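As the structure is a computational prediction, the values presented were derived from the model and not from experiment. Quick note on labels: first sequence line is chain A, next is B, and so on, each numbered from 1. FYI, side chains are in, hydrogens and waters are out, and symmetry mates aren't considered; it's all heavy atoms of this structure.
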Amino acid sequence: MTMELPKGYEPEDVEQRIYKLWEESGSFKADPASDAPPYAIVIPPPNVTGALHMGHALNNTIQDILIRYKRMDGFNTLWQPGTDHAGIATQNVVERQLAQENTDRHRIGREKFIERVWEWRKEYGGKIINQLKRLGCSCDWGRERFTMDQGLSKAVREVFVSLYEQGLVYRDDYITNWCPRCHTALADLEVEHRDVAGALHYVRYPLTDGSGSLTVATTRPETMLGDTAVAVNPEDERFKKFIGKEVRLPLTDRILPIIADEHVDPSFGTGALKITPAHDPNDFEIGLRHKLPSVKAFDQSGRMNENAGAYQGLDRFEARKRVIADLEAQGFLEKVEPYSHAVGHCYRCSTMIEPLQSLQWFVDVKPLAQKAIQAVRTGKTRIIPPTWEKVYYEWMENIRPWCVSRQIWWGHRIPAWYCDSCGKVIVSREDPEKCDCGGELRQETDVLDTWFSSGLWPFSTLGWPEETDFLKTFYPTSCLVTGFDILFFWVARMMMLGLWFRDEIPFSDVYIHALVRAEDGRKMSKSLGNVIDPLEVMDQYGTDAFRFTLAAFAAQGRDVKLSMKRIEGYRNFINKIWNSARFVLMNLEGVPEEVPEEYLSLADKWILSRLNSTAAQARETLDGYNFDRTASALYQFMWHEFCDWYIELAKPALYGKKGDKAQAAARWTVLTALKDSLKLLHPIIPFVTEEIWSRLPGAEGQIMMADYPKPDPVREDRESEQAMDLIQSVIVGIRNIRGEFNLPPTKPVKTIIFCPDRPTVGLLEANQSAIQDLAWVEEVKASLPGDKPKSAAAAVAGGVEIFIPLAGLIDLDQEAARLAKELDKVSGELAKVEKKLGNAGFLGKAPEDVVAKVKGQRQELSLKKEKLESNLTRVREMV
RNA sequence: GGGCGGAUAGCUCAGCUGGGAGAGCAUCGGCCUUACAAGCCGGGGGUCGCAGGUUCAAGCCCUGUUCCGCCCACCA
């Protein structure tokens, strides 16, 4: 039965084998027919292009902790895995590949290109899935889904067509964010604002009647080639006289009206604003209000077009230089001031966004947002931590139409057809053959925003629009775990679409975790070169150590600054667990299945009681998503209570006579405590716990399928905990003296302990050997107070006085100094407590239990002070 | 421009509804005690960013303030 374990834990040997065991035994599988209460999590689908980074590692570790906890706790769990097709990101990757082959997507054509992307996906798309397995994720892999799967595509089409039928999807010639590099429109959310050091150019526009000129200020002088008006504020006295007049646009022959619009801020720039409806969102709105013509000056690559006259063909930045030079040469440029302002950039390729008027598909999400707001307001969906609720409401309440069309090829093609003969637009669930008028149909070439399909993830992955068993059993899902960076992109959309199409929340809890940062607090990024690869961490320290670190760092509302030092520390913890198991396995011969209660020693009862409250703590903190507290409670228990105290205390009994009652009890207790500890730890550190479990006698099946320990009131034993408290303080008191006097354990000492009463004497006598073994003393004499030994070091702990006769061994001055220091500390504490008790306000207003507690402290402290004083006097007299 | 978070030991951070300042690492001292030196035992170290206020009592609540960080935003 006794199997020797290797001396140190070797994760690389264990992890692969254990994971295979789990997967092959079907332990990850969800069962829609089960009677157990369901608990479901849908994975935030990583991009197929992705490689596991720290964000994934944290995100998925948390999900795995939850799902393993719930699985052990008797729930019918589903962790639904899958990946996202990541439209623009994936298209970019494959385009780069084509570029290396000296070709591009236009040359090979749409169909071939899409084939290429699928091939790419087949070859590389599984990478991140394997990395998640490495992390130990217990997803139901047989149910893996991809946003471009047939089933999910059907869901996408159903949703799009329904929204169209409800009048919520429409096509509009509107100003949108255009990425001149990706050649596609982007949603507002997909634009990142960054501060750019630019310049404000003051350009003079002469009035056509020769009565002077108006000067406008602009950061983008090149857009003047698309100007169709100049606007001033109607209340601005300086310009009232110009309203209705006209100016001549420099560098062109265009005549522009001077109009009045509220939007113009008289205090900014010159108070006169050039209006470029086709290339500025504000100007676009003003253009609509005043029915201004719209002149596009750029093409889709950000080059000047035929409307730009002499500048045609120039890149927008080159055009800016030329326009400025020409304005200056012709005397229209009054001045240039440095000006820093936020400019939109593409979130996929960082190219400067070009606001561009174009024909796009939009979803009017306002009515959907209303439901999504309600669901959180009424508490049907909880956001944890709740600080994010405000951010969520803010965004939902100010939501604007969602531009969902993308001018790329990789994605769900919009199911719309245009008839060139009659102009009809058909949006349909089935591909139409011909138009009603008999005309030929042309399908929309645009695809949908990636987030459109991921927004359906909680129900599309479960089979919707079919009413599958999985959908019925697991929707609404239980918890969504995500970083705040995709709160709007993803969570908000799932809330809206889930509520709209299922009339039910997609998940009851949203747990928002922090971002993983580098040790210096900065974001990990390739350009900063401070990226830590999770795979390397796992190679170096093992997956469990890594997972435990992430859990320990996952305090709510605070970013994770990952430190290698911490990982190393938790690697040591894993090894500590391993060695404790090794010890237990060496001491299990003849371990009974049960032991009568009366066999249990004080230490046995104590550790079982501590284990019990640790189980309660673990459950409480897991239920509240306080993973850092779970980790620290388990760390504290496992290392400092189980290993440091219990195992040491149990050694004499374990090493005792064969068949001895105490030995049987200790063997049973040490095994029980280890087993339950492993179960409590399993959700965080699955590999090492499973490996140890497999070697423990009487441990059936897999630990991942074992019951998560429940606190049992019978095992709660306050009396034993109090008794152990005293024993521990006595031991620590003695060790303390040893430490202070640099007495190595090999130096034999004796100890005399004065107890306040008979029961205490009895307690210490009964635990004499424990004190001897753990404090390295050869003799313990407990008695009621009597004659104090001469030349002894003394300590006061838990109401008892400890003396260690050290004739000739100690320096009395040193001992006096030590006692004086201790006395100082106690006096200080006592003074604080007495001040409190001397305060009438405190006695009158503080709750009774608090007053009683402080009184108890006074009692204890003054007793301690008294004893310290008398000992100090005695030592001083001896000098 | 609006909103949010942080500031506690040398470092990284806990401290939940106000009631005796904690952990890990680092540091100092002692130990190869037959599970573990990736270990064991002990010690030192904090006016809880600053200034006010509420309270019998403030790291925690309120007001102001400084310094970091983040998010949102169509002032050219």
Side-chain angles (χ1 to χ4, degrees), chain A residues 5 7-9 175 188-189 193 200 216-220 223 231 263-265 267-270 272-276 280-285 339 341-342 344 355 387-388 390-391 394-395 398 484-485 487-488 515 517 519 521-523 541 552-553 555-559 561-563 565-566 568-587 621 624 626 628-629 632 635-636 643-644 647-648 651 655 732 735-746 773-776 829 832-833 836 839-847 849-851 853-854 857 861:
Chain A
L5 297 182
K7 206 169 166 181
Y9 175 58
I175 186 122
D188 296 335
L189 253 187
H193 294 271
L200 208 47
V216 300
T218 178
T219 52
R220 300 198 53 199
T223 62
H263 171 264
V264 182
D265 177 359
S267 66
F268 189 89
T270 60
L273 176 63
K274 65 188 243 359
I275 305 297
T276 323
D280 183 280
N282 281 316
D283 295 4
F284 184 81
E285 294 293 337
Y339 184 69
H341 61 140
T387 41
W388 290 103
K390 202 177 168 182
V391 181
E394 190 66 26
W395 191 76
N398 297 309
F484 56 78
D485 49 335
L487 181 61
F488 304 138
L515 236 54
R517 297 177 174 281
E519 205 164 351
R522 291 193 296 180
K523 227 170 170 167
Y541 297 108
F553 266 121
Q556 286 184 9
R558 190 163 196 142
D559 283 349
K561 275 186 247 167
L562 199 69
S563 132
K565 217 55 198 167
R566 277 287 278 270
E568 194 184 318
Y570 291 124
R571 186 268 319 262
N572 296 353
F573 175 54
I574 303 298
N575 193 51
K576 184 76 182 177
I577 296 170
W578 181 257
N579 273 289
S580 71
R582 195 164 156 253
F583 173 81
V584 171
L585 281 166
M586 290 174 184
N587 290 283
T621 51
N626 295 115
D628 58 322
R629 292 186 210 168
S632 89
Y635 181 97
Q636 168 66 24
C643 291
D644 288 352
I647 287 186
E648 295 306 323
K651 274 178 183 173
Y655 296 156
V732 169
R735 284 174 177 171
N736 192 317
I737 292 171
R738 291 200 87 110
E740 298 271 317
F741 289 100
N742 285 347
L743 294 171
T746 44
D773 292 341
L774 270 67
W776 314 287
E829 276 170 40
K832 256 200 259 175
V833 166
K836 223 183 234 187
N839 183 340
F842 176 72
L843 294 175
K845 294 187 180 175
D849 57 318
V850 173
V851 175
K853 202 171 140 194
V854 175
Q857 284 167 12
L861 285 169

Within the 4.0 Å heavy-atom criterion, would you say [X] contacts the bases, only the backbone, or no part of the nucleic acid?
X      : value
A:L200 : nothing
A:E394 : nothing
A:F553 : sugar-phosphate
A:D644 : sugar-phosphate
A:S632 : nothing
A:R571 : base
A:E740 : sugar-phosphate
A:A217 : base
A:K274 : nothing
A:R629 : base
A:P847 : base

* **Nucleotide nearest A:P744 when distance is taken to its side chain, options B:C56, B:C31, B:C36** => B:C31

* Go through B:C36, B:A21, B:C25 for me and flag the one nearest to the A:K565 side chain. =>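 From the listed options, B:C25 comes nearest.
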
* Asked: Hey, would you say the A:Y541 and A:Y570 ring centroids sit under 6.0 Å apart?
  ->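 Not close enough - the centres of the two rings lie 6.0 Å or further apart.
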
* **A:N579 side chain to A:K7 backbone, donor-acceptor under 3.5 Å** =>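 Pair found, side chain donor or acceptor close to backbone of A:K7.
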
* Return yes if some donor-acceptor pair links the side-chain N/O of A:N575 with the main-chain N/O of A:G8 below 3.5 Å, else return no. => no

OP1, OP2 of [N] versus side-chain N and O of [X]: anything below 4.0 Å?
X      : N     : result
A:Y655 : B:A35 : yes
A:Y339 : B:C75 : no
A:K7   : B:A37 : yes
A:R566 : B:U12 : no
A:N575 : B:G39 : no
A:K576 : B:A35 : no

Between [N] and [M], how far is it from one [atom1] atom to the other, in whole Å?
N     : M     : atom1 : answer
B:C25 : B:G19 : C1'   : 31 Å
B:C68 : B:G20 : P     : 35 Å
B:C13 : B:G29 : C1'   : 27 Å

Separation of [N] [atom2] from [X] [atom1] (nearest whole Å):
X      : N     : atom1 : atom2 : result
A:H193 : B:C70 : NE2   : P     : 16 Å
A:N736 : B:G44 : CG    : P     : 8 Å
A:K390 : B:C72 : NZ    : P     : 16 Å
A:L743 : B:G43 : CG    : P     : 14 Å

* Provide the Watson-Crick or G-U wobble partner of B:C50, both distances under 3.5 Å; none if there is no partner. =>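 Matched B:C50 with B:G64 under the 3.5 Å cut-off.
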
* Specify the residue among A:K845 and A:D265 whose closest nucleotide of RNA chain B lies further upstream toward the 5′ end. =>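 Its nucleotide being nearer the 5' end, the pick is A:K845.
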
* To do: Specify the residue among A:S267 and A:G841 whose closest nucleotide of RNA chain B lies further upstream toward the 5′ end.
  =>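 Its nearest nucleotide being more 5', the pick is A:G841.
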
* Charged N to carboxylate O under 4.0 angstrom, A:E829 versus A:K832? -> no

* **cation_pi(A:K576, A:Y635) dist<6.0 Å, angle<=45** =>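 Ring-cation test returns no.
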
* **Side-chain touch A:T387/A:F484, heavy atoms, less than 4.5 angstrom** =>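 Not touching, per the 4.5 Å side-chain cut-off.
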
* Would you call A:R735 and A:L774 a side-chain contact if the rule is heavy atoms closer than 4.5 Å? -> yes

